Amino acid sequence: FSFSAFVNRPALGILPPENFPDKLIESVLSIAPSGMTRVQTMACGSCSNENAFKTMFIWYRNKERGYANPSEQEVGTCMINQSPGCPDLSILSFMGAFHGRTLGCLATTHSKVIHKLDIPSFDWPIAPFPKLQYPLEEFVRENAQEEARCLEEVEDLIVKWRQKGKPVAGIVIEPIQAEGGDNHASPDFFIKLRNIARKHGCAFHVDEVQTGGGTTGKFWAHEHWGLDDPADVVSFSKKLLTGGYYHRDELQPDKPYRIFNTWMGDPSKNLFLSEVLNVIRRENLLEEVTRSGKTLLQGLYALQTQYPHILSRARGQGTFCAIDACNDATRDSIMIKARNKGLFMGSCGEKTIRFRPTLVFKEYHVHQLLNILNDVLAEHK
């Protein structure tokens with residue numbers, strides 16, 4: 001199988017290798033999030049989300065039809081992009097979100113103008129994502145009020161879009177809005193959001209394309225929430241080497257070819273992933289990430305105390321950390337100077353520096369990082 005998987009790329013939707021299910025059990029299904037019984041592999045994050053959206057729409061319409069066969073009118077109208085065959089359904093997303101650059105995903109992406117300009121899009125609802133004030137312990141009341149405001153807006157939008165004749169079939173959200181500026185919200189916010197989805201009959205889709213794979217100290221960032229009622233869909237890619245999405249049994253499409261493309265993933269990536277997972281388990285890398293992450297965040301707190309005119313709002317979970325500069329020009333200058341000293345950092349949002357080290361990032365690496373960053377800040381004019 002190994003050799004064959006690298007030489008031949010099968011069209012998985014039609015001719016999967018016979019041991020493909022076993023390989024899925026060894027790789028992606030061995031790390032399935034709570035409540036997830038099924039997985040659909042895909043080639044990348046965008047096509048994972050795109051097909052997850054389709055899965056939610058199919059599930060929603062089947063539920064509405066009482067699982068009966070589609071009518072002749074539905075069959076006829078879908079071919080010419082008209083209702084009821086192509087129903088006017090929507091997916092609710094959040095300001096600052098990034099879910100991909102393909103057409104459906106782009107309607108739920110709201111992080112940078114460059115992604116969206118000139119591309120037609122859907123009239124789908126966009127809710128505000130909480131803007132938390134830091135340090136969290138000093139703004140407990142204000143942050144709770146801000147999260148409550150955003151949740152209220154979510155409910156208002158669901159009602160409003162139902163009245164507009166474009167009901168919300170699903171809600172999609174990242175556990176940490178990465179591209180949009182490393183924006184966090186409390187576990188309480190996400191638990192309440194999940195309850196709202198349940199109350200209104202919407203599917204709840206957690207996009208873990210950037211947060212999945214262990215960088216937050218748990219394999220899936222949403223595991224930090226402690227959900228009693230798991231998500232309906234969890235999408236992944238990037239660190240998982242293959243793309244795809246997990247979903248509950250009831251979201252299984254009713255017919256073949258409804259969720260389909262030529263490749264639907266790549267079995268060779270599952271072989272790589274099995275080995276990566278062996279290393280993560282053998283070397284206890286998630287514990288390592290939790291340790292390194294604490295040291296990194298403490299170091300960022302110290303730097304923002306030392307350079308309050310330059311840095312603020314240090315935040316993070318595991319090594320998935322970020323800090324804001326006073327403006328975008330300063331952020332860019334710090335990043336270039338750090339890179340010239342051997343430290344490569346990322347940017348996101350308007351003025352955020354983000355940290356995305358690998359799982360083998362150890363505490364001594366954190367100290368190297370902090371020393372370089374301190375030198376750059378000390379020289380900053």
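For this chain, numbers begin at 1 and follow the sequence in order. It should be emphasised that the depicted structure is a prediction, and the values quoted were computed from it without experimental measurement.
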* Structure fact -> With Asp232 as partner, the option from His205, His247, Arg194 fulfilling side-chain hydrogen bond (donor to acceptor under 3.5 Å, both in side chains) is Arg194
* Asked: Can you pull the side-chain hydrogen bond (donor to acceptor under 3.5 Å, both in side chains) pairs that have at least one residue in residues 167-179, sequence neighbours excluded?
  ->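 Sorted pair list: Lys112-Glu179, Gln177-Asn183, Glu179-Arg354.
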* Could you name each residue pair satisfying side-chain hydrogen bond (donor to acceptor under 3.5 Å, both in side chains) that touches residues 364-378, not counting sequence neighbours? => Tyr307-Asn374
* Asked: Taking the six-membered ring for Trp, are Phe129 and Phe189 parallel (under 30°), tilted (30 to 60°) or perpendicular (over 60°)?
  ->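 Ring orientation, 0 to 90° scale: perpendicular.
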Determine whether a donor-acceptor pair (N or O, by modelled atom type, separation under 3.5 Å) exists between the side chain of [X] and the backbone of [Y].
X      : Y      : value
Thr77  : Gly85  : yes
Thr352 : Ser347 : no
Thr290 : Leu286 : yes
Ser292 : Glu288 : yes
Thr319 : Thr215 : yes
Trp220 : Val234 : no
Gln317 : Gly217 : no
Arg313 : Leu132 : yes

* Output every pair passing salt bridge (charged side-chain N to carboxylate O under 4.0 Å, His left out) with a member in residues 129-143, not counting sequence neighbours, ordered by first then second residue. =>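 Sorted pair list comes back empty.
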Salt bridge check: are [X] and [Y] linked by an N-O gap of less than 4.0 Å?
X      : Y      : value
Glu250 : Lys63  : no
Asp156 : Lys160 : no
Lys199 : Glu155 : yes
Asp123 : Lys164 : yes
Asp182 : Arg315 : no

Taking the side chain as every heavy atom from C-beta outward, state whether [X] and [Y] have any atom pair closer than 4.5 Å.
X      : Y      : value
Ile173 : Phe190 : yes
Pro10  : Trp263 : no
Asp229 : Phe204 : no
Cys47  : Thr102 : no
Leu89  : Tyr60  : yes
Phe53  : Val172 : yes

* Asked: Taking atom NZ of Lys116 as the centre, does the number of heavy atoms from other residues, nucleotides or ligands within less than 6.0 Å exceed 12?
  ->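 Check passes, neighbour count above 12.
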* Asked: How about Ile191: does its CD1 atom have over 12 heavy atoms from other parts shown lying under 6.0 Å from it?
  ->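 Yes.
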* To do: Show your working on side chain to side chain donor-acceptor pair (under 3.5 Å) between Asp266 and Ser268 and close with a plain yes or no.
  => CA-CA 6 Å; Asp266 178 347; Ser268 68; 2.8 Å; yes
* Give the intermediate values and the outcome of side chain to side chain donor-acceptor pair (under 3.5 Å) for residues Asn49 and Ser235. => CA-CA 6 Å; Asn49 284 337; Ser235 52; 2.6 Å; yes
* Among Glu208, Gln40, Glu50, Met36, find the one that has a side-chain contact (heavy atoms from CB on, under 4.5 Å) with Tyr245. =>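 The passing option is Gln40.
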* Pick from Val366, Leu296, Leu343: which one makes a side-chain contact (heavy atoms from CB on, under 4.5 Å) with Phe355? -> Leu296
* Step through it carefully: locate the ring centre of Phe260, locate the ring centre of Tyr257, and say whether they are under 6.0 Å apart. => yes
* **Derivation of the side-chain contact (heavy atoms from CB on, under 4.5 Å) call for Arg331 and Glu350** => CA-CA 9 Å; Arg331 186 257 316 265; Glu350 287 166 25; over 6 Å; no
* Asked: After noting the C-alpha distance and the side-chain angles of Arg281 and Ser30, does the key distance pass the side chain to side chain donor-acceptor pair (under 3.5 Å) rule?
  -> CA-CA 12 Å; Arg281 291 171 184 131; Ser30 74; 3.0 Å; yes
* Answer with yes or no whether the side chains of Asn62 and Arg65 bring together a donor and an acceptor at under 3.5 Å. =>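 Yes, because at least one side-chain N or O of Arg65 sits under 3.5 Å from a partner of the opposite role on Asn62.
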